[in-house]
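First up is the structure itself, then whatever we jot down about it.
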2 protein chains.
Amino acid sequence: MTSETGQTAPRPPDEAGCDGENGPRFAPITHFTLYERVYEELRKAIMAGRFASGDSLTIRGVAQQFGTSAMPVREALRRLATEGAVEVLANRTIRIPLMTKERLDELHTIRVALESEAARLAASRATEAELQAIESLNNDFIETSRASDVGKTLAANQRFHFAVYAAARAPTLLSLIGMLWLQAGPWLLQPLRRSRRQDGPRDYMGASFAHHLTLVQALRDRNGERAAEAIRSDIVDAAKHFLVDGEAPFDERSGSAA
Amino acid sequence: MTSETGQTAPRPPDEAGCDGENGPRFAPITHFTLYERVYEELRKAIMAGRFASGDSLTIRGVAQQFGTSAMPVREALRRLATEGAVEVLANRTIRIPLMTKERLDELHTIRVALESEAARLAASRATEAELQAIESLNNDFIETSRASDVGKTLAANQRFHFAVYAAARAPTLLSLIGMLWLQAGPWLLQPLRRSRRQDGPRDYMGASFAHHLTLVQALRDRNGERAAEAIRSDIVDAAKHFLVDGEAPFDERSGSAA
DNA sequence: GCCTCCGAACTGTGATCACAGATACGATAT
DNA sequence: ATATCGTATCTGTGATCACAGTTCGGAGGC
């Protein structure tokens, strides 16, 4: 829960060299606890769709894989449980929650409410540098859609969206949206995969491209209402392509983590 | 994270008595882990406004007060940190977050987005029994407003609101709203206290009563749009009465927990 | 008086262990 | 073949301890 500015290497010595009170300069070192590192690895695996609904994890199994004791894994899983990304059953099993149509609908309703608000705020608050980064990330998304690796497309879409929401400069809102994506985000893999097959939806990527472009232009125009509407449409259109009735969200099972 | 249906006493024996295979009947026993019980105690204390912004807690201090080891307290605090109710600083202090005007505005924006959606859903999903309970809780709220104990008014307001949101039958939405109330809810104590003083806002309680009544009637009429608007107005009007500029949200300091 | 240093105490974090509950499997009885 | 029981194993939970980082107070130097 500390800041996540990353770990930077010491800068090279100044040209003046190590002289007197102007000695070598070192950048601050940001330290992450084991708990934070375990949490981040699990979060990334969930977001990348490496777990399937119903997959179970055990504290000792994950700890063994990471080469840590159980404690940091417990704390990371407690946080993920609070975020709804994993659930602890009455028989004490820890698993990725099963998905139902009702739950997915609820998640999309909440996402529309929060992410459209974030887009509205981003339209007035994004800096020029942030707008350029958002545009660049959208180009990445379009580029990855031409290749065969759906995992890369999923990640590029996530990066694009979160760049927009980060530009809203609303930390609590961003945190809540992150929780929602932990629950619903991996499900984007399913229509992505099907759009790469002959029997998949043909208008899926095209609709997504259009909404993203509308969003980017709305941000450029500082038009919050149009930005919010673009996000709403993106979410609603994507949600039409989710199949929940007994069909697993991922074509290949990742297996249990332990 | 197990269900919280509470612990029920065994029912009295049937009139048939203990005969053969129809022996005495026992209700299921719901067991709570220590972590869950510690979490619930801390959550209730926060919601009741017993902590002030900036109050710090220590794991060992809280554990000593509860007579437990540090483990369940750690897990409870980890959950509360994920929910934004406490924060862990870089120097490892655990404290109730400081409040700023920007953060309070953000919380209210999010609350409007989510709670109005919950009210809209409740208007179509609440059962007759739930509507009656909501009305009864609103009467409780009005009754407590006539007494001098603002803590009771705060609690009654919370019970009323959460009965409405629970009737939406949207578990993820309810969980997110709970997190928001953990952060912003205690702040309702401030205008409540000031409304009991001669220099306090005179229209504060009156506006709240009116919005609650509008909400209840809208739920009765199954009018989601009007229900959402009543919640929105309730939140927005209450937010006008919050003072953040250096003024602590609570007139008396609760002190540190450890 | 101010600054610096050192030691003690406090604190969160991670490791380890014990305990109790849940599950799976094999053996036995019907 | 099915049901029951006992045992071993696994698992989350809670307790305890050690470690490393942080803070605070006192002593000494300038």
Side-chain angles (χ1 to χ4, degrees), chain A residues 1-4 7 21 26 28-42 51 54-83 85-97 255-258, chain B residues 1-4 7 21 26 28-42 51 54-83 85-97 255-258:
Chain A
M1 290 176 220
T2 52
S3 85
E4 301 189 356
Q7 192 157 5
E21 65 183 14
F26 296 105
I29 295 179
T30 302
H31 171 68
F32 295 102
T33 63
L34 274 186
Y35 138 73
E36 286 166 326
R37 293 171 69 182
V38 168
Y39 168 78
E40 193 59 32
E41 289 296 322
L42 291 175
F51 290 108
D55 279 358
S56 62
L57 308 90
T58 67
I59 293 170
R60 288 177 169 113
V62 174
Q64 186 180 45
Q65 287 183 62
F66 284 132
T68 68
S69 77
M71 282 311 310
V73 175
R74 274 172 74 171
E75 300 220 13
L77 286 174
R78 180 64 64 205
R79 180 170 169 188
L80 287 166
T82 307
E83 293 177 315
V86 303
E87 63 179 349
V88 185
L89 304 185
N91 71 353
R92 306 198 312 180
T93 299
I94 303 175
R95 72 176 183 186
I96 305 292
S256 298
Chain B
M1 293 177 218
T2 51
S3 84
E4 301 189 357
Q7 193 156 5
E21 64 183 13
F26 297 105
I29 294 179
T30 303
H31 171 67
F32 295 102
T33 62
L34 272 185
Y35 138 73
E36 285 165 328
R37 294 171 69 182
V38 169
Y39 168 79
E40 194 58 31
E41 290 295 323
L42 291 175
F51 290 107
D55 279 358
S56 62
L57 309 90
T58 66
I59 294 171
R60 289 175 168 116
V62 174
Q64 186 180 46
Q65 288 184 59
F66 285 131
T68 69
S69 78
M71 283 311 311
V73 174
R74 274 173 73 170
E75 300 220 15
L77 286 174
R78 179 63 66 206
R79 180 170 169 187
L80 287 166
T82 307
E83 293 177 316
V86 303
E87 64 179 349
V88 185
L89 304 184
N91 71 356
R92 308 197 311 179
T93 299
I94 302 175
R95 72 175 184 187
I96 304 291
S256 300

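So you know, we letter chains A, B, ... as the sequences are listed, proteins then strands, and number each from 1.
- dG12(D) atom P lies 17 Å from atom CZ of R74(B), rounded to whole Å.
- Side-chain proximity of R78(B) to dT13(C), dG12(D), dG14(D): nearest is dT13(C).
- Evaluated for a side chain to side chain contact (heavy atoms under 4.5 Å, CB included) with L77(A), the options V38(A), I94(A), V88(A) yield exactly one hit, I94(A).
- The side chain of V88(B) has dT13(C) as its nearest neighbour among dT13(C), dT11(D), dG14(D).
- Along DNA chain C, the nucleotide nearest T93(A) and the nucleotide nearest A70(A) are compared for position; the residue whose nucleotide lies closer to the 5' end is A70(A).
- Among the nucleotides dG14(D), dG14(C), dG12(D), the one closest to the side chain of P72(B) is dG14(D).
- Listed candidates were dT13(C), dT13(D), dG14(C). Nearest to the side chain of S69(A) is dG14(C).
- Atom P of nucleotide dG12(C) and atom CZ of R95(B) are separated by 14 Å, given to the nearest angstrom.
- Distance OG1/T82(A) to CD/E75(B): 9.5 Å, rounded to 0.5 Å.
- Nucleotide dC19(D) holds its C1' atom 14 Å from the CE atom of M71(A), rounded to whole Å.
- The side-chain heavy atoms of M71(A) and M71(B), taken from C-beta on, include a pair separated by under 4.5 Å.
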#### Entry: Intermediate values then yes/no, side-chain contact (heavy atoms from CB on, under 4.5 Å), V86(A) and F51(A)
CA-CA 11 Å; V86(A) 303; F51(A) 290 108; over 6 Å; no
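- By the 4.5 Å heavy-atom criterion applied to side chains, R37(B) and E40(B) are not counted as neighbours.
- The side chain of L34(A) has dA15(C) as its nearest neighbour among dG12(D), dA15(C), dG14(D).
- Applying the 4.0 Å criterion to OP1 and OP2 of dT23(D), one finds that N91(B) has a side-chain N or O inside that range.
- As rounded to whole Å, 9 Å separates atom P of dG14(D) from atom CZ of R92(A).
- Remark: C1' of dC10(C) and CD of Q64(B) are 13 Å apart, rounded to the nearest angstrom.
- With rounding to whole Å, R60(B) atom CZ is found 11 Å from dA9(C) atom C1'.
- Computed from coordinates, the I94(B) CD1 to dT11(C) P distance equals 10 Å when rounded to whole Å.
- Across the protein-nucleic acid pair, E36(B) atom CD and dG12(D) atom P stand 15 Å apart, rounded to whole Å.
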